[in-house]
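Numbers here simply count residues along the sequence, with the first being 1.
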Amino acid sequence: MTETHKPVKTPTADGLAAAAGEAAKKGPPPVHLWDPPFCGDLDIEIRRDGTWFYLGTPIGREPLVKLFASILKREGDDYFLVTPVEKVGIRVVDAPFVAVDAEAVGAGEAQSLRFRTNVGDEVTAGPEHPIRISFDASGEPSPYIHIRRGLEALIDRKTFYRLVDLAQSGKHGKEDWLGLWSEHRFFPIIPMAEL
């Protein structure tokens, strides 16, 4: 008896958008619960500035970008767009989102830092949404905030400079650091001794 195989459907951006649109009608897609089979890679890339490209061309339709962002999943260092029935790989140059604005409410340790991303996510820095800073070989900082399910936003330069104006000294380990307070949590930026 011979086995019959279903023909493998080649994933397309339009097909993913349609499936994501159907899933979004029921509320935020529960991508953390979906584990469909891998269907291959799509030529989609998210650049460092947060611009999404398909086949080398920027995706200019903001609702489509937001829809794709809602079905983005990270596994290790790899990124996928997932629906209940398909999973396709995409490229992410740095972080998949960009934090384009932040607002400080309150002061001191009780201050809350609220961020908004280029795709409309809003989060408050704290235990669930930590801020981290990495430095390249030249010492240039790259600040990030966790958005959801392992997905981060690069905090854009103008927003980071505004945040640095709010920075205060605090303890990190046994050292004094310059950092940011949000929701009673201290996020270190740089040791005070290096200033």
Side-chain angles (χ1 to χ4, degrees), residues 13 16-17 20-21 24 28-29 31-32 41-82 87-105 111-167 178-183 185-190:
L16 277 173
V31 298
H32 61 289
D41 294 322
L42 266 183
D43 187 7
I44 291 180
E45 180 177 83
I46 306 172
R47 304 268 171 95
R48 192 168 200 268
D49 68 357
T51 304
W52 289 59
F53 283 76
Y54 178 57
L55 299 174
T57 303
I59 300 174
R61 293 179 16 222
E62 186 177 337
L64 183 59
V65 169
K66 287 182 176 182
L67 187 62
F68 283 155
S70 75
I71 60 167
L72 187 62
K73 185 176 186 179
R74 181 177 180 178
E75 295 177 1
D77 292 332
D78 298 320
Y79 293 87
F80 303 92
L81 297 179
V82 295
K87 169 176 155 182
V88 297
I90 67 167
R91 293 181 310 280
V92 176
V93 172
D94 188 353
F97 310 127
V98 176
V100 294
D101 198 12
E103 174 188 16
V105 177
Q111 169 178 266
S112 293
L113 298 175
R114 298 180 183 160
F115 291 83
R116 184 175 50 81
T117 71
N118 61 318
V119 293
D121 288 303
E122 294 186 10
V123 298
T124 299
E128 299 284 317
H129 304 283
I131 297 170
R132 73 173 180 91
I133 314 288
S134 68
F135 293 88
D136 67 15
S138 70
E140 184 73 23
S142 291
Y144 302 88
I145 182 163
H146 180 263
I147 302 300
R148 57 184 146 82
R149 299 181 307 269
L151 302 174
E152 292 184 313
L154 174 67
I155 300 170
D156 73 7
R157 188 176 300 260
K158 71 176 173 19
T159 302
F160 184 60
Y161 285 154
R162 285 188 7 245
L163 292 171
V164 168
D165 287 340
L166 299 172
L178 182 68
L180 299 165
W181 285 98
S182 185
E183 302 286 299
R185 181 152 176 203
F186 184 70
F187 299 100
I189 297 175
I190 191 168

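Residues A104 and Q111 come closest through the heavy atom pair CB-OE1, 3.9 Å. The two residues D43 and G56 have their closest heavy-atom pair at OD2-N, 4.2 Å. Shown here for F187 and P130, the closest heavy-atom pair between the two residues is CE2-CA, 3.5 Å. The minimum heavy-atom distance between P96 and I46, with the atom names listed, is O-CG2, 3.4 Å. Nearest heavy atoms, V31 versus S70: CG1-O, 3.8 Å. Here the shortest heavy-atom pairing between P143 and L154 reads O-CD1, 3.4 Å.
Side-chain contact between F115 and L163: present, with at least one pair of heavy atoms (C-beta onward) separated by less than 4.5 Å. When side chains are defined from C-beta on, I131 does not count as touching F160, because their heavy atoms never get closer than 4.5 Å. Side-chain atoms of L151 and D121, non-hydrogen and from C-beta on, never get closer than 4.5 Å to each other. Two residues are said to be in side-chain contact when any heavy atoms from C-beta on lie closer than 4.5 Å; D49 and V98 fail this criterion.
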(request) Determine, step by step, whether L113 and I145 satisfy the side-chain contact (heavy atoms from CB on, under 4.5 Å) criterion, reporting the C-alpha distance in whole Å, the side-chain angles of both residues, the deciding distance to 0.1 Å, and the verdict. (result) CA-CA 11 Å; L113 298 175; I145 182 163; over 6 Å; no

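Atom CD of E45 is separated from atom OH of Y79 by 12.5 Å, given to the nearest 0.5 angstrom. Note: I190 CD1 to I133 CD1 = 10.0 Å, rounded to the nearest 0.5 Å. Interatomic distance, R149 CZ to H146 NE2, rounded to the nearest 0.5 Å: 9.0 Å. Within the model, atoms CG of N118 and NZ of K66 stand 9.0 Å from one another, a figure rounded to the nearest 0.5 Å. Rounded to the nearest 0.5 Å, atoms NZ (K73) and NZ (K87) are 6.0 Å apart. Going from atom CD1 of I90 over to atom CH2 of W52 covers 4.5 Å, rounded to the nearest 0.5 Å.
Counting non-hydrogen atoms of other residues, nucleotides and ligands closer than 6.0 Å to CD of E75 gives a total above 12. Remark: R91 CZ is packed, more than 12 non-hydrogen atoms of other residues, nucleotides or ligands lying under 6.0 Å away. More than 12 heavy atoms of other shown residues, nucleotides or ligands fall within 6.0 angstrom of atom CD in E140.
Looking only at distances, no side-chain donor or acceptor of R157 sits under 3.5 Å from a matching main-chain atom of T159. Distance alone, capped at 3.5 Å, is enough to place a donor-acceptor pair between the H129 side chain and the I147 backbone. No donor-acceptor distance shorter than 3.5 angstrom exists from the side chain of T124 to the backbone of S112, with no hydrogens or angles considered.
Between F186 and W181, the ring planes lie tilted relative to each other; the angle falls in the 30° to 60° range.
With respect to D156 and K158, a salt bridge is recorded, a charged nitrogen being found less than 4.0 Å from a carboxylate O. A salt bridge links R162 with D101; the closest basic N to acidic carboxylate O contact falls under 4.0 Å.
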